[in-house]
Amino acid sequence: MKAVKIGICGFGTVGSGTFNVLNRNKQEICARAGCDITVEHIGARRDNANSDTTGVKVSRDIFDVVNDPEIDIVVELIGGYEVAKELVMQAIENGKHVVTANKALIAVHGNEIFAAAHKKGVSVLYEAAVAGGIPIIKALREGLAANRIEWLAGIINGTGNFILTEMRDKGRAFEDVLQEAQDLGYAEADPTFDVEGIDAAHKLVILASIAFGIPLQFEKAYTEGISKIAPQDVSYAEELGYRIKHLGIARRNGKGIEIRVHPTLIPEKRLIANVNGVMNAVLVKGDAVGPTLYYGAGAGSEPTASSVIADIVDIARTLSASPEHRVPHLAFHPDTLNNDPVLAIEEIETAYYLRLSAIDKPGVLSQVAQIISEAGISIEALIQKEPVAGQDHVQVILLTSRAQEKKIISALAAIEGLDSVDGKVTRIRVESLDG
Ligand code: HSE
């Protein structure tokens, strides 16, 4: 079989990791692929001191790689939306297969990119775009192909998980930990993508599409960040037997599809509640297999390279197969994608953790309880903290039964309107994540 020639565009952390792992494990990788795989051309603005590229063609213009007639597979590792999209579309137009680690690109422009690739009979693979080194795309598209996926829930942003872990373990403040995550190089170029859940939403939208057979719909994902999580909520959650995690949740309920990223209380006994630091994990519930959990490094040079190279091997193995015999881009063949609606957040149903500051006087708790009960919601647990000396307010923490979000929103407005309640009520969704 003819050698497969790779062009790498972008030679930063992941590009150089991909180059190094391909060289180091070349013999085994080629034995798995059934052909020789060689990096032929690298496009990068500058060299990377972590890789010796002697003997490899290097261009400063990444489009030289895409337009190189020798290249079979273009590996896009530049990140971002616009130039990356132009690069990938040009590669497809030139009849090249593409491997990308770019979650933003796939989540936002994936439908258009896959349609172009389908027309041209080439593959665009993106395992590294979600949860770095964890082969979650492969698991969902292939390993779980027998199942009707019911829901999935993932810790899919390492920076956010690192921040929440440090807040819980060391009682550190949010800003302080974010600075450390940036210094360690985990965070996105714009760290609001990490802490406000945008990075996780990019990844979740991709997972939801391949789990439920729907087109990519980034604009319909609900996104809430972790920047407002207070250390006291982390410790009250702990008292109640929960951990706060920044979860991406996609669920098929009777009315449509939920796609939501938000801080979530989960029972501390769940394995996923114990995924700490920068690690990622995705829990997938299929109707046949039951719950399955995938865990590993969600970022980093060689973990991400591991996924990039798996995609290269997949393409190399199927180069001689006709396009209709390859795994479909979004797991389902394009003409079988469905129109199940993505639900607005007001329509979804979860349990809630509520924390409020109330005047310490008789009758206040019963007023709060009455509003909640009139909304048809029941209180599952309640803690009232002793007043701090010199203060007339006490902290009240409640766990509610499952309720529709819009009912909670109106109940909270009524509670916040009470004279005896001070300021806004803190509200964090709770998920049991049981099988
Ligand atoms: N900023 C991302 C994270 C990198 O923290 O998980 C991997 O996508």
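Every number for a ligand or one of its atoms is a count from 1 in the order of the listing. All residue numbers in this chain count up from 1 along the given sequence.
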Identity and separation of the nearest protein heavy atom to atom 5 (O) of ligand 1: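 Nearest protein contact, heavy atoms only, for atom 5 (O) of ligand 1 is Thr159 OG1, 2.7 Å.
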
Heavy-atom nearest neighbour in the protein, as seen from atom 8 (O) of ligand 1, with distance rounded to 0.1 Å: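 The answer is Lys103 NZ, 2.6 Å.
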
Considering the heavy atoms of [X], write down every atom of ligand 1 situated less than 4.0 Å from one of them.
X      : result
Ala299 : 4 (C), 7 (C)
Gly158 : 3 (C), 5 (O), 6 (O)
Asp194 : 1 (N), 2 (C), 3 (C), 5 (O)
Glu188 : 1 (N), 2 (C), 4 (C), 8 (O)

Test side-chain hydrogen bond (donor to acceptor under 3.5 Å, both in side chains) applied to Glu196 - qualifying residues, sequence neighbours left out: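 Testing Glu196 for side-chain hydrogen bond (donor to acceptor under 3.5 Å, both in side chains), a comparison that skips the adjacent residues, returns Ser227.
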
Polar side chain donor-acceptor pair, [X] to [Y], under 3.5 angstrom:
X      : Y      : value
Ser59  : Asp61  : no
Asn338 : Thr336 : no
Asn280 : Tyr295 : no
Asn50  : Asn20  : no
Asn102 : Thr100 : no

Under 3.5 Å: N/O of Gly298 near N/O of ligand 1: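 Among all N and O atoms of Gly298, none is under 3.5 Å from an N or O of ligand 1.
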
Parallel, tilted or perpendicular: rings of Phe193 and His202 (30°, 60°):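 Aromatic pair His202/Phe193 classed tilted.
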
4.0 Å heavy-atom contact, Gly132 with ligand 1: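 No, Gly132 has no heavy atoms under 4.0 Å from ligand 1.
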
Per-residue contact class, Asp199 against ligand 1 - non-hydrogen pairs under 4.0 Å: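 The answer is the side chain of Asp199.
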
